[in-house]
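What follows is a single structure, written as structure tokens, with notes after it.
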Protein chains: 2
Amino acid sequence: MLTAERHDYILNKLRETGIVRLQELVNELNCSESTIRRDLTYLETKGLLKRIHGGAKRLYTVEEELTIKQKSVKNVHEKQLIGKLAASLVTDQDVIFIDAGTTTLEMIQYLPMKKDITVVTNGIHQATLLTDLGIRTYLVGGRLKNTTKAIIGASAIAQIRSYQFNKCFLGINGIDTEFGFTTPDPEEAAVKHAALRQSAHPFFLADYSKFEKVNFAKVCDLDDATIITAGINEKNRSRYQKFTTVLEAKE
Amino acid sequence: MLTAERHDYILNKLRETGIVRLQELVNELNCSESTIRRDLTYLETKGLLKRIHGGAKRLYTVEEELTIKQKSVKNVHEKQLIGKLAASLVTDQDVIFIDAGTTTLEMIQYLPMKKDITVVTNGIHQATLLTDLGIRTYLVGGRLKNTTKAIIGASAIAQIRSYQFNKCFLGINGIDTEFGFTTPDPEEAAVKHAALRQSAHPFFLADYSKFEKVNFAKVCDLDDATIITAGINEKNRSRYQKFTTVLEAKE
DNA sequence: GTGAAAGCGGTTAATTTCAATCAAAAACAT
DNA sequence: ATGTTTTTGATTGAAATTAACCGCTTTCAC
């Protein structure tokens, strides 16, 4: 039994049942407790499951319980640096897409210097803030997702397809050399993908915690977009620069 | 039975029934009283439920947030009465449109009793509140108007035209026997008109201060929709009842 | 009121699960 | 074949989880 085989087995079982017991896995996979423990620990560092006493569970439910406000507390400083750098890339006359999410929210406050821009967004909070700042704002229509306050669904994607953007700024949950850019919700991934395809210059905004993580739904490959980050360690910087452009925001 | 499994079970049951009894859980989960007690205590510290004598209940953070938002609004009491009456007109399986504006906002808090409804809205605040209450919500896309946080424009109208509503609930600024329903912004009037045309039963929500007023842009004639109001005086009631149905909300 | 029943929090001891360590086994490169 | 790295399985004491028990408070019927 190969390591990767066990990992697949565990993830598949998790996807079906939502929860797995360590002892069950020991029986079903015919290996020792230690091995399963190691597997679970590894898969947790990759962000693919959540370990619990006696086994592991899918983190989709956990993801839901975190509200936007709780999330926005994390890595605020890095996100502000990223936001500042991202906003500096926007020039006059630009038509840009800004994704829902906490990281992209940070860039909006730095936008007003750019007098004449048009912004399309699928985030409620983004839209509110943008109009408050007097920026010409279009909100994409469609179904509203409760947890992230993002507009998703076929209608949203159809609308995005009818626009052309100079740049788009997307949030992302996981960045991995093998699996590319990933996010937990397939519908959100589809929206991001649509925006990306309509953009001349697509950017992903991601603080250091997003690297070496994999989520359920893939948006695109690493070389399809530029990464804007901050607080990244030396190892990850050199590793990911081989695959795509990595812009690092500093003080 | 793993800890996390029990927690999920408890929270799900709570979400459905609103209240759980400790002894019920002991039977259903096959574990001791102490264990359930510990679970409930833990979940309470996490802010996921409220312990009560004999079990636990769901907590409504949403209602508390409501009271904060309501402060800067005029004629709150009348608007609440109107909102309650309007919500009572919504039945299971309905697909309804709710307009942007403060009056329509009041009706949303009374909606959750209606289990299975779908709501389309052009108001940012409406959309946020609706999803918080767990109602299936679609936001119309288009340009976002700064002052009222309403979505307007050709794209919004085109989207509304692609839906069919059982009912629509619209706010309005002026009601007059001669000029009908009017509002200051022609673009908002156009959105209201579009929603009205797609609805089997259109309603206008208006407190007493809106009668005998005329604004710039006309939405439709008096007999095109039903009026839901409160605090109206005797003279206006008899006058407007000649033209259309007037529902009056009382204590 | 009064007593019985139900519910409460805290303590305890037994059991299960955990992380860390180490040595054997397997895979790999030279 | 030899040495090196990776993977695995067994063992350990520590930590977490559990059911059962205790004395106390609340609730309810009479």
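Hydrogens, waters and symmetry mates play no part in the numbers below; they use all other heavy atoms, side chains included. In the text below, chain A, chain B and the rest are named by the order of the sequence lines, each starting its count at 1. All values derive from a computational prediction rather than experimental measurement.
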ask   = Taking atom P of D/dA16 as reference, at what distance in whole Å does atom NE2 of A/His53 sit?
value = 9 Å
inquiry  = Just to be sure I understand the rule, does A/Leu40 reach a base, reach only the sugar-phosphate, or reach nothing, if contact means heavy atoms closer than 4.0 Å?
reply    = nothing
task = Decide yes or no for B/Leu170 and B/Phe97: does some side-chain heavy atom of the first lie under 4.5 Å from some side-chain heavy atom of the second?
result = yes
request  = Quickly work out the A/Arg37 CZ to D/dA16 P distance and round it to whole Å.
outcome  = 14 Å
task = Verify whether one side chain among B/Thr102 and B/Lys79 offers a donor that lies under 3.5 Å from an acceptor in the other.
result = yes
message = Using a 4.0 Å heavy-atom cut-off, does B/Thr41 contact any base of the nucleic acid, only the sugar-phosphate backbone, or nothing at all?
response = nothing
note = To the nearest angstrom, the CD-P distance between B/Glu33 and C/dG7 comes to 7 Å
key: Nearest-Å distance for atom pair CG/C1', residues A/Leu22 and D/dA16   = 14 Å
ask   = Starting at CZ of A/Arg38 and ending at C1' of D/dT11, how long is that distance when rounded to a whole Å?
value = 13 Å
query = In whole Å, what is the span from the CZ atom of A/Arg51 to the P atom of D/dT17?
reply = 13 Å
ask   = So, is B/Gln23 near the phosphate of C/dG7, with a side-chain N or O under 4.0 Å from OP1 or OP2?
value = yes
query = Are any of B/Ser32's side-chain N or O atoms less than 4.0 Å away from OP1 or OP2 of D/dT17?
reply = no
query = Is there a donor in the side chain of A/Thr244 and an acceptor in the side chain of A/Asp223, or the other way round, less than 3.5 Å apart?
reply = no
task = Provide, to the nearest angstrom, the distance between the CZ atom belonging to B/Arg21 and the C1' atom belonging to D/dT27.
result = 14 Å
task = Nearest whole angstrom, please: distance from the P of D/dG9 to the CG of A/Asp39.
result = 10 Å
ask   = So, is B/Arg6 close to the D/dT18 phosphate, meaning a side-chain N or O under 4.0 Å from OP1 or OP2?
value = yes
task = Decide yes or no for B/Val90 and B/Leu111: does some side-chain heavy atom of the first lie under 4.5 Å from some side-chain heavy atom of the second?
result = yes
key: Below 4.0 Å: OP1/OP2 of D/dT17 and any side-chain N or O of B/Ser34   = no
Polar side chain donor-acceptor pair, A/Glu212 to A/Tyr240, under 3.5 angstrom = yes
